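Below you'll find the structure, written out as structure tokens, and then a few comments.
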There are 4 protein chains.
Amino acid sequence: MEFNENKPIYLQISETISERILSGEVKPEDRIPSVREYGASIGVNPNTVMRSYEKLTADGIIYNKRGIGYFVASGAREIILEGSRRRFMEEELPAFIRRMHLLGIDPSEICKQL
Amino acid sequence: MEFNENKPIYLQISETISERILSGEVKPEDRIPSVREYGASIGVNPNTVMRSYEKLTADGIIYNKRGIGYFVASGAREIILEGSRRRFMEEELPAFIRRMHLLGIDPSEICKQL
Amino acid sequence: MEFNENKPIYLQISETISERILSGEVKPEDRIPSVREYGASIGVNPNTVMRSYEKLTADGIIYNKRGIGYFVASGAREIILEGSRRRFMEEELPAFIRRMHLLGIDPSEICKQL
Amino acid sequence: MEFNENKPIYLQISETISERILSGEVKPEDRIPSVREYGASIGVNPNTVMRSYEKLTADGIIYNKRGIGYFVASGAREIILEGSRRRFMEEELPAFIRRMHLLGIDPSEICKQL
DNA sequence: GTGGTCTAGACCACC
DNA sequence: GTGGTCTAGACCACA
């Protein structure tokens, strides 16, 4: 797995998992790999994976069954969608627009690509 | 001057300077303040300002006249614009589009706002 | 470790590392010592070592694995060789020749010693 | 006049003057320009030129007539030649050879160009 | 006055 | 443990 330089690996991992849930690749109540297994598969320290799982747990997206593993929460999709949409509309979109104008890029050019 | 917590101060400083050059507030061949002066004015250690200037120098946006100070390079605007545009089209835009689709947001909704 | 007075320590450190890579003493994908460790071993402040590593990174000779350390890039040798050769042929050699002529030194004398 | 980045300007100036004396362009007992005049002609601060003259004076290459100006010493050529030759044979040549070998450059290639 | 280098020591995020 | 950033303060060469 390849990581963006400017973002903590653990965040990139949790985002990847969120996206898999959104896309339906992973479904509610599915078990996700153990930190050790997942870490090995993507070449990352288990501690780092653990941190991702902790974040997802704190957000209510996955939950832990002690001694068994981590599972996707039943409301995971909704939580992810809601949080992401809000952030997208309130933060990412305005930043995107501001930047586009600053660089003098033609909006209609962008629209074609959307 | 206020700084974003999640970004190194020295980067924020160099970005501020780049933006001032883009906006025309500072022009090619203008001298920019000495590291000490600028540091004092924004309440930051001169070493930190130095780092900003080093980055801008590495990018070809400013240059140094020994014993005199730093000056805006003649091609500064072009360098900044080109670099920013490239990053926008190759990185920010694709990420934006991908995210929009993932969240199931209607492109035409976005287009209206651009 | 001993340092030349007229040259920044951090440059001497990065040159030393480059030479070790060239000589094969350190190989591609080898880890190099942490800034703290290396600093302690040569009696230099970690920040100074850090600066050397930053320069080598900028040159593409080493790269960083976050939280783990710095590693020699796979193409390190080629980068170093190419850069050094270019500088030699384009700068050092012409300066040498010019100086030789200026001082009225017989080229054939020099050739014998090469 | 253009200056090398890595060398103090005042040294580059004194070397230029030495070379002009060596080449015969300037002869013993010739007057050289005033610091102000020379500084203006090459776009450098008079203080910097002054420093060059001080160095040349210390080396016995030029001398000062108070209120009149600086003049090339009668033995200037000899002084320059002797010092330069010694440094060339003892320092520059060995460094050049060492570097050539380190880079794996063929001596015969160099010989052709001398 | 200018930048450039270096040290010492701190704090933090990340792995 | 790793690097990365920042501060404070020093010293120096250069213009």
Side-chain angles (χ1 to χ4, degrees), chain A residues 3 5-13 35 39 42-52 54-55, chain B residues 3 5-13 31-40 42-55 57 62-71, chain C residues 3 5-13 31-40 42-55 57 62-71, chain D residues 3 5-13 35 39 42-52 54-55:
Chain A
F3 296 105
E5 296 230 314
N6 312 308
K7 219 176 196 171
I9 290 178
Y10 84 95
L11 280 183
Q12 299 185 52
I13 292 174
V35 292
I42 61 177
V44 153
N45 190 304
N47 289 326
T48 306
V49 179
M50 188 57 185
R51 212 167 160 178
S52 312
E54 280 170 0
K55 176 168 172 33
Chain B
F3 296 107
E5 280 249 308
N6 310 312
K7 215 177 197 173
I9 293 179
Y10 81 94
L11 283 183
Q12 299 184 53
I13 293 174
R31 179 172 178 275
I32 60 179
S34 78
V35 290
R36 283 184 252 256
E37 197 184 335
Y38 198 34
I42 61 178
V44 152
N45 190 295
N47 285 332
T48 304
V49 178
M50 185 62 166
R51 237 186 137 168
S52 312
Y53 286 11
E54 277 171 1
K55 181 176 170 25
T57 305
I62 63 177
Y63 67 93
N64 175 255
K65 286 188 192 169
R66 284 178 293 179
I68 306 181
Y70 279 92
F71 296 76
Chain C
F3 295 106
E5 282 249 307
N6 310 311
K7 216 177 197 171
I9 292 178
Y10 81 95
L11 282 183
Q12 299 184 52
I13 292 174
R31 180 172 178 273
I32 60 178
S34 79
V35 291
R36 284 184 252 255
E37 196 184 337
Y38 198 34
I42 61 177
V44 151
N45 191 294
N47 285 331
T48 305
V49 178
M50 185 60 165
R51 234 184 141 168
S52 311
Y53 286 11
E54 277 171 0
K55 179 174 171 26
T57 303
I62 63 178
Y63 66 95
N64 176 255
K65 285 188 193 167
R66 283 176 296 174
I68 306 181
Y70 280 92
F71 295 75
Chain D
F3 296 106
E5 295 231 313
N6 311 309
K7 218 175 195 171
I9 292 179
Y10 83 95
L11 281 183
Q12 299 185 52
I13 292 174
V35 292
I42 61 177
V44 153
N45 189 305
N47 288 327
T48 306
V49 178
M50 189 57 185
R51 213 166 161 179
S52 311
E54 279 169 0
K55 176 168 172 34

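A note on names: the letters A, B, ... follow the listed sequences, proteins ahead of strands, and every chain is numbered from 1. FYI, side chains are in, hydrogens and waters are out, and symmetry mates aren't considered; it's all heavy atoms of this structure. Because the structure is predicted, anything quoted here is derived from the model rather than measured.
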Under 4.0 Å, counting only non-hydrogen atoms across every strand here, what does [X] touch: a base, just sugar-phosphate, or nothing?
X: B:Y53; result: nothing
X: B:Y10; result: sugar-phosphate
X: D:V44; result: nothing

Quiz item: For C:L11 and B:R36, take the nucleotide of DNA chain E holding the closest heavy atom to each; which residue's nucleotide lies nearer the 5' end?
Solution: B:R36
Practice problem: Could you pick out which residue, B:E37 or A:N45, lies toward the 5' side of DNA chain E when each is mapped onto its nearest nucleotide? | Solution: B:E37
Which pair of heavy atoms, one from [X] and one from [Y], lies closest together, and at what distance?
X: B:Q12; Y: B:K7; value: NE2-O, 2.6 Å
X: C:S52; Y: C:I13; value: OG-CB, 3.3 Å
X: C:Y10; Y: C:T48; value: CB-O, 3.7 Å

Quiz item: Of B:P8 and D:P8, whose nearest nucleotide on DNA chain F comes first from the 5' end?
Solution: B:P8
Quiz item: Of C:P33 and B:K7, whose closest DNA chain F nucleotide lies nearer the 5' terminus?
Solution: C:P33
Find out whether [X] and [Y] are in side-chain contact, i.e. whether some heavy atom of one side chain is under 4.5 Å from a heavy atom of the other.
X: C:M50; Y: C:Y70; answer: yes
X: C:Y53; Y: C:S34; answer: no
X: A:V44; Y: A:F3; answer: yes
X: C:T57; Y: C:N64; answer: no
X: B:F71; Y: B:K65; answer: yes

Quiz prompt | Euclidean distance, atom CD of residue A:E54 to atom P of E:dC15 [Å, nearest integer] | solution = 13 Å
Quiz prompt | Separation of E:dC14 P from A:N6 CG (nearest whole Å) | solution = 12 Å
Quiz prompt | From CD1 (B:I62) to CZ (B:R31), nearest 0.5 Å | solution = 11.0 Å
Quiz prompt | Separation of B:E54 CD from B:N47 CG (nearest 0.5 Å) | solution = 9.5 Å
Quiz prompt | Range on DNA chain F touched by chain D, heavy atoms, distance below 4.0 Å | solution = F:dC14 to F:dA15
Quiz item: In residues 62-69 of chain C, which residues come under 4.0 Å of DNA chain F by heavy atom?
Solution: C:N64, C:G67, C:I68, C:G69
Quiz item: Dot-bracket, DNA chain F: Watson-Crick or G-U, under 3.5 angstrom, [ ] crossing, | other strand?
Solution: ||||||||||||||.
Quiz item: Is it true that a side-chain atom of C:R51 and a backbone atom of C:P46 form a donor plus acceptor pair closer than 3.5 Å?
Solution: no
